[in-house]
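Order of the sequence lines fixes the chain letters, A, B, ..., with proteins taken first and strands second; residue numbering starts at 1 for each chain. The figures that follow rest on heavy atoms only: side chains count, while hydrogens, waters and symmetry mates do not.
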Amino acid sequence: MKSLDSLNPVQKEAVLNTDGPVMILAGAGSGKTKTLVTRITYLLDAKNVSPHQLLALTFSNKAAKEMRERISHEVAMDIGSLQITTFHAFCAKLLRSEANYLGLSRNFTIYDEGESKAIAKSLLERRGISTKEINPYEILAYIDGLKNNGYYPGRDMPGGDGPETTDMFFGYFEEYESELHRANALDFGGLITAVIQLFEKFPEVASRYQNRYVYVLVDEYQDTNRAQFELIKILCEKRRNICVVGDEDQSIYSWRGADIRNILDFEKVFPDVKVLKLEQNYRSSKTIIEAASCVIEKNTLRKGKHMWTENPEGDAIDVVECFNDKDEAEFIAQETARLYKAGTPYKEMAVFYRSNAQARQIEDALRKYKIQYRVIGGVKFYERKEIKDMLSYLRLVINSKDSLALSRIINVPARGVGATSLRKLEVEAMNNNTSLWDIIEKIVDHSADYTHIKLSAKIKSSLSEFVTLINELRHLDQNKIKPSTIYEKVLHESGYYAFLKANKDYETLARLENLDELLNAITQFEESAEVPTLSGFLETITLDSSSDFDEAAKLIDGEISLMTVHGAKGLEFTHAFVVGAEENVFPSYRSVDGGEIAMEEERRLFYVAMTRAMIKLYITFAQGRMLFGQVKFNGPSRFIDEIPEKLFTWKKLKGHQEDRYDHSFTPGYQKNFDPYDQSQESHYDNEEVVYQIKETASAPLKSFHQPKFPKGASVVHSLYGAGKVEDSEGSGADEKVQIKFADGARKKFMVKFAPIVLA
DNA sequence: CACCGTTAAGTTTTT
DNA sequence: CTTAACGGTG
């Protein structure tokens, strides 16, 4: 077991207070995970609690994975039955074994946001309302709101604050729910509310779980919504050994339903709670901690902690005033290069921005200086079209009622079943109160009974072929044939592979590569899962976006990390750049006139960003920034003003003509800042001019990956023969080239896929 | 259908 | 400016 000696007194208390309700408020970098891991190993080793009786719930798969790994290192016993899992995966598993109570079947499908949106759209369509009159997201937001609060149809809400049946969208909610039920599907929110419903309607079921889980632990508690809180409450009713760990100052997902009141009001629900505050920070310099504390202390919606550290004083924070967004990006590139030369590896540096759009300028500048970087977040692997198509086939195999999956792939590749035919089938299914699959199967088997649906012989025969294929696949799945085998059969026998192969552009190459990666993922799953079923794989895919198979989260040597502040939570870097620290950018314009509650969340975001830095923090802003096609002068972020002046140095970038812009300011955005007002120039006494932008800054400081096939190189393609590189773009995995072949043909390739070699 | 031009809007995204 | 989504046309 991890020794208690390595813990500080509060951490030790957090481990030893095993019985009764405990709330641990763990500041940034306070050794939270270490404490949690020790607590669990202590329960297992010293208190002889069986792993079976323990439940640890986290929010992200990443957190669950990390905790599980660390625990398995610490304890000798087999922790196979120890449940460290996400809320959603926990609920999904529970529901699969208790599905019959709620009239679900255990092979239910989990719908993601895209699929929920598709349902909302079809509900609108059904009523003849265009998506311009009502945005489907409005409906989804309403539905999501209800579910986040723990509402399920017919529930008698505690506190009586359920929805009104007269609500504008209540009808949509009911219809949406019955659509899901018809498809034997649940959405993310529904996973949680279904368990609440199960527990409330069947106390004997609840009781089984209440008895089993003697100790329950919840990580990232600040991110739980009310539904999750109620779930925990029921689960812990009997044993009352509930330990929640969180930091109200890092609650940055309220817009996703996280309810900060779960922390603030915990004591009202559990009056005998022991509250412990982990306030010693082991990550950052004194300067950074003090600055971040001063900012966050402006918030009122908090319990209050005071972070401190024994770490060295450290450097002052650099607040860097740039002329415009381009200069800001240029500064990042030059400064990171300078740090690198001075001995800081690139993987220790990170750039945090408020919104994804800001990444582009910075990427451009880094590319210009040939600095390798990695953008964390972005397009999800499983959201790509070809992946969704293939997954839809597999989902249909598992759950025949999944009409959404069916309608997605019924005509991919083209089978002559276009929108009109599909529409007819859907109407018929609706009239017969059955699923799309069911009706198609009936038409194929008993064609004579369905002459009223006008379908051509060609369509009928391709439907028949389709039904045969899916049924064969189902048969394979029932006979426990490996998912990867089933996948390969779908890919080829559906005609999807041939259909893709038909075009030869380089986008297709990427798609084929993605399909290979999907196979890879399935194979990997087969190796790691105890019982590698197809349905298990599909669940993992839906509930674990981090299974972006390129391991996006892994920090690679020689690469700077670029990410949103949201994406930065939980990470740390020796050198961090918080960029775009301007009013209307950070804080976001949405929050600037969105009231105090919204502003407090922005402040928490800023706090999260600051506390990622260990040694040196840079905060940059631009006088003028290109936004929505025009230059806006927003002025520095109010959060900069909240940092005591003694903790930062105000540095102004020089090297530009002051009159590049005319003096037309953006009305309404000016605030108190005027970049041309001399009287405001020395608002900060310690202002100094330090960084000098070099206009001819094109000399690369270090070229990591030169293009493999530079312009002018002679190459040989295994298919097209000899040619010359006409154009080359990017390097490493992103390198793209345009080649002119001997026969005069020009083609573009992604180097990582194309079979080309230097001649 | 697939393509193209128009239009409107423009945060954050653990599951 | 940029992008996504819609609706009209070939």
Side-chain angles (χ1 to χ4, degrees), chain A residues 57-66 85-92 110-117 121 130-133 135-137 144 147-148 186-192 219-225 227-228 246 250-258 325 352-361 376-380 382-383 411-414 416-422 503 539-548 553 563-571 580 584-592 594 598 601-602 604-606 608-609 625-632:
Chain A
L57 294 172
T58 65
F59 234 90
S60 65
N61 291 287
K62 204 170 106 195
K65 221 170 280 169
E66 188 192 348
T85 177
T86 65
F87 272 96
H88 292 88
F90 169 73
C91 290
I110 300 167
Y111 277 179
D112 67 19
E113 233 167 85
E115 284 138 1
S116 299
K117 190 191 158 204
K121 261 178 138 173
S130 95
T131 52
K132 276 189 179 152
E133 287 166 75
N135 183 335
Y137 282 115
D144 220 41
K147 295 191 174 194
N148 283 338
L186 288 171
D187 59 11
F188 288 137
L191 287 170
I192 315 289
D219 193 13
E220 303 285 18
Y221 183 64
Q222 75 280 354
D223 292 332
T224 53
N225 59 34
Q228 285 151 347
Q250 292 186 70
S251 168
I252 54 176
Y253 282 100
S254 74
W255 51 278
R256 287 293 254 139
D325 44 343
F352 307 131
Y353 35 81
R354 179 65 179 81
S355 73
N356 286 305
Q358 293 168 258
R360 223 168 99 175
Q361 292 273 18
I376 302 203
V379 198
K380 302 252 162 44
Y382 65 90
E383 274 168 14
N411 205 33
V412 185
V417 190
T420 323
S421 311
L422 181 59
N503 16 349
E539 179 169 316
T540 319
I541 284 282
T542 322
L543 291 183
D544 189 353
S545 69
S546 69
S547 61
D548 261 27
M563 66 193 91
T564 64
V565 180
H566 283 91
K569 199 181 77 168
L571 304 177
N584 299 311
V585 175
F586 198 176
S588 153
Y589 67 96
R590 291 269 188 155
S591 307
V592 165
E601 180 137 324
E602 293 286 330
R604 289 193 291 270
L605 265 174
F606 203 84
V608 166
R625 176 180 301 270
M626 191 62 108
L627 276 173
F628 307 147
Q630 42 179 307
V631 180
K632 304 259 167 103

Q: Quick one: closest heavy-atom pair of A/Q250 and A/R604, and the distance?
A: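 That closest heavy-atom pairing would be N-CD, 4.3 Å.
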Q. Which heavy atom of A/A63 sits nearest a heavy atom of A/D219, and at what distance?
A.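 For A/A63 versus A/D219, the nearest heavy atoms are CB-OD2, 4.4 Å.
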Checking all strands, does [X] fall into the base, sugar-phosphate, or nothing category for heavy-atom contacts under 4.0 angstrom?
X	result
A/D112	nothing
A/G418	sugar-phosphate
A/E602	base
A/S591	base
A/E220	nothing
A/S355	sugar-phosphate
A/R360	sugar-phosphate

Q | Residues in ring pair (Phe, Tyr, Trp, His ring centres under 6.0 Å) contact with A/Y111, at least two apart in sequence or another chain | A |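 With neighbours one apart ignored, the set is empty.
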Q | Of the listed nucleotides B/dT12, B/dT14, B/dT15, the one nearest the side chain of A/T564 | A | B/dT12
Q | Candidate nucleotides B/dT11, B/dG10, B/dT14, ranked by approach to the side chain of A/F628 - the nearest | A |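 The answer is B/dG10, which lies nearest to the side chain.
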Q. Taking for each residue the nucleotide of DNA chain B bearing the nearest heavy atom, is the 5' side occupied by A/L605 or by A/A414?
A. A/A414
Q.
With nearest nucleotide decided by heavy atoms, which residue, A/R590 or A/T420, maps closer to the 5′ end of DNA chain B?
A.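 It is A/T420, whose closest nucleotide lies nearer the 5' terminus.
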**Q.** Pi stacking test for A/Y589 and B/dT11: under 5.5 Å apart, planes under 30°
**A.**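 No, A/Y589 does not stack on the base of B/dT11.
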Find the distance [X]:[atom1] to [N]:[atom2] and express it as a whole number of Å.
X	N	atom1	atom2	result
A/M563	B/dT13	CE	C1'	15 Å
A/D544	B/dT15	CG	P	6 Å
A/R256	B/dT11	CZ	P	15 Å
A/W255	B/dT13	CH2	P	6 Å
A/H566	B/dT11	NE2	C1'	8 Å
A/D325	C/dT2	CG	C1'	14 Å
A/R625	B/dG10	CZ	C1'	15 Å
A/N411	B/dC1	CG	C1'	9 Å

Q | Parallel, tilted or perpendicular: ring planes of A/F87 versus A/F59, cut at 30 and 60 degrees | A |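 The arrangement is tilted - the two ring planes meet at 30° to 60°.
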**Q.** C1'-based separation of B/dT11 from C/dC6 [nearest Å]
**A.** 24 Å
**Q.** Pairwise C1' distance for B/dT14 and C/dT3, with rounding to whole Å
**A.** 26 Å
Ion pair [X]/[Y], N-O distance below 4.0 Å:
X	Y	answer
A/K117	A/D187	no
A/R256	A/E601	no
A/K65	A/D544	yes

So, is [X] near the phosphate of [N], with a side-chain N or O under 4.0 Å from OP1 or OP2?
X	N	answer
A/N356	B/dT11	no
A/N61	B/dT15	yes
A/N225	B/dT15	no

Scan nucleotides 4-10 of chain C against the protein and return all N/O pairs shorter than 3.5 Å with their distances rounded to 0.1 Å.
residue, atom, partner, partner atom, Å
C/dC6, OP1, A/T131, OG1, 3.4

Q: Given side-chain contact (heavy atoms from CB on, under 4.5 Å), test A/Y353 with A/V585 step by step and report yes or no.
A: CA-CA 9 Å; A/Y353 35 81; A/V585 175; over 6 Å; no
Q: Output the distance between atom CZ (A/F352) and atom CD1 (A/I376), rounded to the nearest 0.5 Å.
A: 9.0 Å
